[in-house]
Amino acid sequence: MTDPAIKPHLTREHVAELLRQMVRIRRFEEKCVELYQREKIRGFLHVYIGEEAIAVGIMQALAPADTVIATYREHGHAIARGVPMTTLMAEMYGKQEGCSRGRGGSMHVFDAKTRFYGGNAIVGGGLPLAVGTALADAMQKRPSVTACFFGEGAAAEGEFHESMNLAALWKLPVLFVCENNLYAMGTALALSESETDIHHKAESYRMPAEVVDGMDVVAVEAAARKAVVAIRAGAGPHFVECRTYRFRGHSMFDSELYRDKAEVERWKPHGPIERFGAWLRQNDILHEAAFQAIETEVAAEVEAAVAFAEAGTWEPVADLTKHVTLEPES
Amino acid sequence: MTDPAIKPHLTREHVAELLRQMVRIRRFEEKCVELYQREKIRGFLHVYIGEEAIAVGIMQALAPADTVIATYREHGHAIARGVPMTTLMAEMYGKQEGCSRGRGGSMHVFDAKTRFYGGNAIVGGGLPLAVGTALADAMQKRPSVTACFFGEGAAAEGEFHESMNLAALWKLPVLFVCENNLYAMGTALALSESETDIHHKAESYRMPAEVVDGMDVVAVEAAARKAVVAIRAGAGPHFVECRTYRFRGHSMFDSELYRDKAEVERWKPHGPIERFGAWLRQNDILHEAAFQAIETEVAAEVEAAVAFAEAGTWEPVADLTKHVTLEPES
Amino acid sequence: MNEIAPARIKTTYREAVRAAIRDALTADPKAFLMGEDVGHYGGCYAVSKGLLAEFGPERIRDTPLSESAFVGAGIGAALNGMRPIVEVMTVNFSLLALDQILNNAATLLHMSGGQFNVPLVIRMATGAGRQLAAQHSHSLEGWYAHIPGLKVLAPATIEDARGMLLGALKDPNPVLIFEHVMLYNMEGEIAADAGAVETGKAAIRRPGRDVTLITYGGSLAKAMAAAETLAKERIEAEVIDLRTLRPLDTATIIGSVARTRRAVVVDEGWKTGSLAAEVTATIMEQAFWELDAPVARVCSAEVPIPYPRHLEQAALPQPESIAAAARATLGR
Amino acid sequence: MNEIAPARIKTTYREAVRAAIRDALTADPKAFLMGEDVGHYGGCYAVSKGLLAEFGPERIRDTPLSESAFVGAGIGAALNGMRPIVEVMTVNFSLLALDQILNNAATLLHMSGGQFNVPLVIRMATGAGRQLAAQHSHSLEGWYAHIPGLKVLAPATIEDARGMLLGALKDPNPVLIFEHVMLYNMEGEIAADAGAVETGKAAIRRPGRDVTLITYGGSLAKAMAAAETLAKERIEAEVIDLRTLRPLDTATIIGSVARTRRAVVVDEGWKTGSLAAEVTATIMEQAFWELDAPVARVCSAEVPIPYPRHLEQAALPQPESIAAAARATLGR
Ligand SMILES: Cc1ncc(C[n+]2csc(CCOP(=O)(O)OP(=O)(O)O)c2C)c(N)n1
Ligand SMILES: Cc1ncc(C[n+]2csc(CCOP(=O)(O)OP(=O)(O)O)c2C)c(N)n1
Ligand SMILES: [Mg+2]
Ligand SMILES: [Mg+2]
């Protein structure tokens, strides 16, 4: 295959962009944790720290007309997809300038402009939706793809099974991205699946499937590009299992009784930013100044996002029952 | 393996018994169809004609302490398990002498004495129950097995997936019996599954699985015996896909638009009774008189069942709200 | 007003739903029907018989037994530009799709701050009366009427069977349509060119001044029969067909009760927590001072529906029990 | 009566539930706890923290994310001699198990003509107030109270948190227990040897003669606060904690309303089709002639619960709205 869509071009610009995107997510999430502790953000907050390579890698392969569906751990996906950090942060605050008008919060990020269809707090709940958006594209003969992200925990849900089968049976343009971070809340993969190689599950629906190092942004991008080309060509759905690790607790309530601190420490150096950064340095691809420039720029972006959110306003209580139904056109 | 539990003993008594059980089911079902036309039986009626070898073959491997869970097409399972035809027929009528006191009807046959836990009219709905009865046996260290019957259509349901995984993960003593009759109502297997080899699905949970000719009662019995020995020995669940065919419509309402009459005709000679009977004759194992004796005896049994049902009584309307909750012992 | 009487045709409730689906698919290339056995089998209740040949398997789309996924796929397709009509064979199986209906279909518009609406129609058969026993006889439309974000329709007439589906397809919100299993064979005449009807308004199916019988769907005919009986006793019952269960047309309900000062609410759901309870509570709140007697409910008995006909019928509202409740409100 | 005051201990609602689980598992070798993250994680709301170490992974059984299968497995295990306590993490996820609960747990005894009962306890967290937004803030216990064959409990106090679970384990029927998320941190004192309490009876938590506030679970404290406010205005509100939502203790409700002649029903479910509607309808049917004013409902607004605190709180019943509704029944 020589299709240029398939191979990531590791130009300096591109690698810097990959790094920058991952750093944007990381710093945004770190700020969220801080803001949670300061009680600016409430509800359940699930951060993506350690998993940034997946969202960033996958998004490289998507076009604007494609659709993205994610979970409650979706800030990273939103950022990598292009949802502005400002409206995203305002959403965390619940301000009406937020990308979901503040109604959704951390678990319900939506953005029509970037075709970001959420944010879904029901584990597995997004998969049938992805089958549907892809069905609509297929029926309308559009070359678009739906990228659907979910955790390995979701693979035990009945909706996973039903959605895999429908997508494969109807050869729909879905890229299923399983973020296998080894835990569903506190339940280790081996305690929840008789088959722990999740991509084998996909194969049992006769769906092409592969496993990729989810800590390697280039590997993820390469897999995504290849898959998306095939999907657009009409090959039907594709499944990518990305092996990763969550560096923080499941949510801000997690006391992490289920894993050793040492285990987390062992993983840390293998983090996507850590590793990619080291590789870029070792091979002299990016200079220290470039790293610094990214950090400086991102810090400013995060601060601007916080300022935007702080300056945001509360939706009036009088509007409480708005956005429940739309009025039919007459 | 030399375990005597494993190999069916093809004594004359045994083959006659297999035949007799299948004939009991066939004649019972034929009578049900007739009684439906005479409006003695109402509601949905799904008959098992063509599939008798499966229930009869599997039941040979079960002990009285084992548990059986089936579907709405369960008359055959009930008969093969030992539910008396009398109370079964009274149930078809809705009489209070019925095995479910008439409350259940054709789709809800229950019988505590034979540990027949239904009769379930929700496709896939019995599978989680089977996981549970098996879990109870396992936790109480009883050597019992739960045999769970369902159609290939059920394999698309989320509950199938969740139940397979739980049973395999917890190594529970369940014998899953998939009755693959190629259609779910009017939907052909190829229109409902991306993977049409259903037993491959079971393998994707790391569950031992096999396919067996569901028209061959001896083959089914052999597979069941082998599986049950393994399950009792603690090997965890086992999956048997029985390939079969439904000779009648899905229910009494089916106008069979979805398949050719010719297809049904092609299958008929391969029916379990037809084939087994031919084999017994060819090999001179049973004499014509024995066949006749079986038919005579079964005809009498069916007539007695009808007489029993006819003589049965209606539960008084005053008892309408009985059997909804049990009173706690005080 | 019209000088030329419009042509009328004989049809059935079943055919009216089919005609509406046909009209919808003909008018809108984005519309399609999806569900279990809607295609090759012709529909569990034969509603879609013939449509596969007419529109092909893309648009009369048989699904596997996967209620959650195909309802969710309907939501996703609606989000992305299609106009799906999803058939859940019966309300009994819709429990398997309830998460998608409540947590996605009803909620996406709100969660997205108004960005993503779900123009989806879900049809399901509901109700008892065919001796299908405990797992196949539910009347859960009252549950769905509890959910903000949904519209819930219950056509009780042939006009509504045809017109409500077409009306629902103009609504940008998720609309659930409940077709009572005992209505499919109902025969009658409608205008040959009958089209979309207004939803959201209740209809007074029979005017009366002594007591209001409030009902919908499969119970309408029973309420009408009760009104007939009552008329012979010189009790003039007004019969309201709610038509839309969410949002309730409280104006029509309250207007009627303010005139008759008495009401009986009839609903095939189990009494405790029934839709009838909601109607009763609404009357309590908005017409208490108009009432001359407590509002009565006639609902199903608190029992999973039993198989034998005599017990099934005893469990359900009947013309006699409705008439008796109406008499009681008049102290008779 | 007892001369020696029984020892009392300080505890929380969360600890009370945990203590009940511990007591149950200690007393009955057939009892076990099963659900998502009940073991290694310690429970989503930390209810079962520590129990894995005490009882081991067989009896504090972590399940995969498979609500339908593990609830169904609980039913099957109950059928076959065990005494499962199944935790569905929150009511929001119970939709995925609703088919098992309605079509199996609630129905098996009936369908089998009385042969197979299901001695199962299902616990779930319910309610809003933690800014968890639209998909994680449901109050659907009213739906479950619609289902014949189930018992539905809603402990609002620490005694009940401890005692109702133990009471439920003596019941041969499927019992659902709804624990409101805002109660887990509630502190208080209970008798050190507090054990099973009677279920099925409502409790009068505060006597009063002017108006009855009827509520349960997470809204009890709000109703009590409203009563406090009203007392300052010399309105003596009686507060009823329903405790058991199915079957309703109508005797206590009607007895109180017959005395106070006025009632406000408070319930965190959406108003349309709420449990409050059922209570209102029951009062209509059984105490209409005793009423001096229409029964009022204070429920959640008809909107999926929004994330921001000010909107979330505005969507929920509050002491002020309860007090206002009570005043209105008195014409103030
Ligand atoms: C249907 C459902 N059940 C339970 C939950 C509670 N819950 C939220 S996230 C989660 C773990 C999911 O794990 P996984 O899919 O691996 O995603 P991760 O959080 O690891 O990214 C659970 C149990 C839920 N939100 N939805
Ligand atoms: C959850 C659910 N969905 C739909 C139905 C309606 N229905 C009853 S049987 C059936 C087909 C099942 O086919 P299969 O599992 O292959 O069993 P078979 O009837 O062929 O024995 C369908 C769609 C149902 N009973 N339950
Ligand atoms: Mg995970
Ligand atoms: Mg089949």
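The figures here come from the full heavy-atom set of this structure, side chains too, leaving out hydrogens, waters and symmetry mates. Predicted model, so just to flag it, every value in this text is computed and none were measured. Below, chain A is the first sequence line, B the second, and so on; all start at residue 1.
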So which heavy atom on [X] is nearest to which on [Y], and how close?
{"X": "A/Gly104", "Y": "D/Ala133", "result": "O-CB, 3.5 Å"}
{"X": "A/Leu320", "Y": "D/Pro306", "result": "CD1-CG, 3.9 Å"}
{"X": "D/Pro304", "Y": "A/Val324", "result": "CD-CG2, 4.0 Å"}
{"X": "D/Leu65", "Y": "A/Ala184", "result": "CD1-CB, 4.0 Å"}

Which region of [X], side chain (C-beta onward) or backbone (N, CA, C, O), has a non-hydrogen atom less than 4.5 Å from a non-hydrogen atom of chain D, or is it both or neither?
{"X": "A/Ala154", "answer": "backbone"}
{"X": "A/Met107", "answer": "side chain"}
{"X": "A/Leu189", "answer": "neither"}

Quick one: donor-acceptor pairs between chain D and chain A, under 3.5 Å, side chains and backbone, table format.
unit_1, atom_1, unit_2, atom_2, d
D/Asp37, OD1, A/Gly186, N, 3.0
D/Asp37, OD1, A/Thr187, N, 3.3
D/Asp37, OD1, A/Thr187, OG1, 2.7
D/Leu65, O, A/Glu157, N, 3.2
D/Ser66, OG, A/Ala156, O, 3.2
D/Gln135, OE1, A/Ala121, N, 2.6
D/Gln135, NE2, A/Asn120, OD1, 3.2
D/Tyr307, N, A/Arg103, O, 3.0
D/Tyr307, OH, A/Arg42, N, 3.0
D/Tyr307, OH, A/Arg42, O, 3.4
D/Tyr307, OH, A/Met92, O, 2.6
D/His310, NE2, A/Glu315, O, 2.8

Engaged part of D/Leu96 at the chain A interface, taking heavy atoms whose separation is under 4.5 Å: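 D/Leu96 touches chain A through side-chain heavy atoms alone.
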
